[in-house]
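All figures in this text were calculated on a predicted structure; none of them were measured in a lab. Sequential numbering from 1 along the given sequence is applied to the chain's residues.
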Amino acid sequence: MRGEYILEQGQHGHSLYILLQGKAHVLRTDNRGREVILDVLRTGDHAGEMCLIDNQPHSASVRCETNCDVLELPGAVLARTLPDRPVLSWMLMRTLVKRLRRAHRQINSLALKDVPGRVMRALHDMSEPEQIGSRIVRERVSRHELARMVGASREMVSRVVLELATQGKLELRDDGGVRLLLPNKELNARPPE
């Protein structure tokens with residue numbers, strides 16, 4: 001259900017959770033209740049593996065942002081399955097490396113980029129190639145969600161998005177999506193770290 005937690009920061013976990021349908025946020029909360037979105041999980045993504053590997057509490061929470069169907073795979077079952085399924089081990093390892101690289105980009109972005117740079121980075125990460133010279137974020141982009149991803153206020157992000165649109169760097173679509181208008185050489189390349 002929307003708003004429910006699949007797993008909670010600080011709790012010990014004993015299962016791997018696979019998102020069969022829906023969208024969920026991976027988020028951290030500070031002691032004052034402020035949240036930052038670390039990642040967005042979609043159908044096919046999974047969570048909880050770090051806890052199974054190092055037996056430490058969850059480092060973040062995962063909250064359903066839409067109605068979600070989730071498969072819970074107990075850690076004991078996963079431990080028995082991994083030796084016979086190297087493809088599954090490889091998939092888990094690739095996911096962990098992907099998350100580590102994303103964390104490095106976020107640290108770099110927060111330390112070295114201004115808000116417009118962080119907004120463009122987040123939109124680029126959410127987008128897919130479209131036509132020559134553009135990338136597209138097909139789903140509605142919430143300014144509140146974007147603000148929580150880039151570490152800025154919703155008001156600041158709204159101003160920055162309008163400014164980027166005025167500068168011709170992005171186009172706001174009627175359906176709430178965003179088209180990034182990039183020079184051809186940047187179409188499929190990631191923005192500089």
Rounded to the nearest 0.5 Å, what's the gap from [atom1] on [X] to [atom2] on [Y]? Could you check?
{"X": "Arg159", "Y": "Leu164", "atom1": "CZ", "atom2": "CG", "result": "12.5 Å"}
{"X": "Ser127", "Y": "Leu170", "atom1": "OG", "atom2": "CG", "result": "11.0 Å"}
{"X": "Thr29", "Y": "Glu8", "atom1": "OG1", "atom2": "CD", "result": "9.5 Å"}
{"X": "Ser61", "Y": "His25", "atom1": "OG", "atom2": "NE2", "result": "13.0 Å"}
{"X": "Leu180", "Y": "Met126", "atom1": "CG", "atom2": "CE", "result": "10.0 Å"}
{"X": "Gln21", "Y": "Thr43", "atom1": "CD", "atom2": "OG1", "result": "6.0 Å"}

Go through the steps for Asp125 and Arg121 under the test salt bridge (charged side-chain N to carboxylate O under 4.0 Å, His left out), then give the verdict.
-> CA-CA 6 Å; Asp125 286 349; Arg121 158 60 73 187; 3.4 Å; yes
Electrostatic pair Glu139:Arg42 at N-O distance under 4.0 angstrom =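 Answer for the salt bridge query: yes.
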Indicate yes or no: does Asp39 engage Arg102 in a salt bridge with an N to O separation below 4.0 Å.
->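 Salt bridge flag = yes for Arg102 with Asp39.
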Give the minimum heavy-atom separation between [X] and [Y], together with the two atoms involved.
{"X": "Met156", "Y": "Ala152", "value": "CG-CB, 4.3 Å"}
{"X": "Ala122", "Y": "Val150", "value": "CB-CG1, 3.8 Å"}
{"X": "Gly10", "Y": "Pro57", "value": "O-CB, 3.4 Å"}

Name all residues meeting the salt bridge (charged side-chain N to carboxylate O under 4.0 Å, His left out) criterion together with [X]; count only those two or more places apart in sequence or in a different chain, and write none if there are none.
{"X": "Arg179", "value": "Glu130, Glu171"}
{"X": "Arg28", "value": "none"}
{"X": "Glu128", "value": "Arg138"}

Any chance the side chains of Glu72 and Ser15 put a donor and an acceptor closer than 3.5 Å?
->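 Side-chain D/A pair, Glu72 to Ser15: present.
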Going by side-chain hydrogen bond (donor to acceptor under 3.5 Å, both in side chains), name the residues that satisfy it together with [X], two or more places apart in sequence or in a different chain.
{"X": "His58", "result": "none"}
{"X": "Gln56", "result": "none"}
{"X": "Arg154", "result": "none"}

Keeping to residues at least two apart or across chains, list the salt bridge (Lys or Arg N to Asp or Glu O under 4.0 Å) pairs with something in residues 142-153.
->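 Checked against salt bridge (Lys or Arg N to Asp or Glu O under 4.0 Å) - neighbours excluded - the pairs reaching residues 142-153 are Lys23-Glu145, Glu35-Arg148.
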Run the side chain to side chain contact (heavy atoms under 4.5 Å, CB included) check on Val141 and Val161 step by step: do they pass?
-> CA-CA 11 Å; Val141 178; Val161 166; over 6 Å; no
Pairs flagged by side chain to side chain donor-acceptor pair (under 3.5 Å) wherever residues 78-92 is involved - sequence neighbours left out =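 Sorted result for residues 78-92: empty, none.
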Starting from [X] and following side-chain heavy-atom contacts under 4.5 Å between hydrophobic residues (I, L, V, M, F, W, Y), which residues can be reached?
{"X": "Leu73", "value": "Leu16, Ile18, Leu20, Leu52, Leu71, Val77, Leu78, Leu82, Leu88, Met91, Leu92"}
{"X": "Met1", "value": "none"}
{"X": "Met50", "value": "Ile53, Leu96"}
{"X": "Tyr17", "value": "Ile6, Leu7, Leu19, Val26, Val36, Leu38, Leu41, Val62, Val70"}

Going hydrophobic residue to hydrophobic residue with side-chain gaps under 4.5 angstrom, can you get from Met149 over to Val160?
->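 Yes, Met149 connects to Val160 through the hydrophobic network.
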Establish whether Ile136 and Val40 are linked, either directly or via other cluster members, by ILVMFWY side-chain heavy-atom contacts under 4.5 Å.
->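 No; tracing contacts between hydrophobic side chains, which count when under 4.5 Å, never links both residues.
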Has Asn55 got more than 12 heavy atoms of other residues, nucleotides or ligands less than 6.0 Å from its CG?
->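 Not buried by this count: 12 neighbours or fewer within 6.0 Å.
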Stepwise, does the side chain to side chain contact (heavy atoms under 4.5 Å, CB included) test hold for Arg173 with Val178?
-> CA-CA 6 Å; Arg173 297 167 29 116; Val178 174; 5.9 Å; no
